[in-house]
Colleague: 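Here's a structure for you.
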Amino acid sequence: MNGSVSEAVEVEWEPGRGRLRVRVGGPRVRPGTDQPSPAEFVAPVVLVLSEDSTPLDVEVRGLPAEAVRRLSPYSAVRHRAPASDVVSLDYEAGWLWVRLAEGTAARRLHATATVRLAPGERFGGIDLDLRPGTATAN
């Protein structure tokens with residue numbers, strides 16, 4: 001993807017289906033490895049898009065406690081520096097931010113989504129399936 005923040009960030013965006021898949025910092029985990037299973041939950045999300053609908057940032061708010069614990073290495077609140085420039089966590093607010101690409105924000109898509117934190121090396125990734133009828137843009 002052109003404009004990517006890092007070569008290690010892979011983004012697949014299907015606007016017609018409301019599906020976003022992001023992989024950060026390494027290959028997908030092969031089935032059968034002893035990585036933790038994906039965490040899945042429903043949460044409010046904000047997807048920041050450029051003029052040509054390229055995803056620039058994704059924010060997940062209201063993370064459950066288990067997800068916050070899993071993502072704690074990315075917290076600037078708990079550590080002097082987060083483990084990544086691409087992934088950041090506000091530990092106390094349960095808010096996750098992932099930088100997907102460089103660019104100028106043209107609109108923000110607010111929605112409720114089914115969120116899956118995919119295991120992998122370091123962060124792994126995140127999958128979002130926006131729930132029909134919940135998306136609003138500004």
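For clarity, every value in this text was computed on a predicted model and none was experimentally measured.
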Colleague: Among L100, D127, L128, find the residue that satisfies the side chain to side chain contact (heavy atoms under 4.5 Å, CB included) test when tested with V22.
Modeller: L100
Colleague: Does anything in residues 129-138 pair up under salt bridge (Lys or Arg N to Asp or Glu O under 4.0 Å), and if so which pairs, sequence neighbours excluded?
Modeller: R19-D129, R116-D129
Colleague: If I take atom CD from residue E12 and atom CZ from residue R21, how far apart are they, to the nearest 0.5 angstrom?
Modeller: 7.5 Å
Colleague: Looking at side-chain heavy atoms only, is the closest gap between T54 and W13 below 4.5 Å?
Modeller: no
Colleague: Tell me which pairs pass salt bridge (Lys or Arg N to Asp or Glu O under 4.0 Å) where either residue lies in residues 45-58, with sequence neighbours left out.
Modeller: D57-R99
Colleague: Nearest 0.5 Å, please: how far is OG1 in T136 from CZ in R108?
Modeller: 11.0 Å
Colleague: Is the shortest heavy-atom distance from the side chain of W97 to the side chain of D90 under 4.5 Å?
Modeller: no
Colleague: Please report the closest heavy-atom contact between V48 and A105, naming both atoms and the distance.
Modeller: CG1-CB, 3.5 Å
Colleague: List the steps, then state whether side chain to side chain contact (heavy atoms under 4.5 Å, CB included) holds for I126 with L96.
Modeller: CA-CA 10 Å; I126 187 169; L96 175 69; 3.9 Å; yes
Colleague: For T112, enumerate each residue passing the side chain to side chain donor-acceptor pair (under 3.5 Å) test, keeping only those at least two apart in sequence or located in another chain.
Modeller: none
Colleague: Below 4.5 Å, heavy atoms only, C-beta onward: do L20 and V45 meet side chain to side chain?
Modeller: no
Colleague: Considering all heavy atoms of both residues, which atom of A43 and which atom of V60 are nearest to each other, and what is their separation?
Modeller: CB-CG1, 3.9 Å
Colleague: Any side-chain heavy atom of P55 sitting closer than 4.5 Å to one from L49?
Modeller: yes
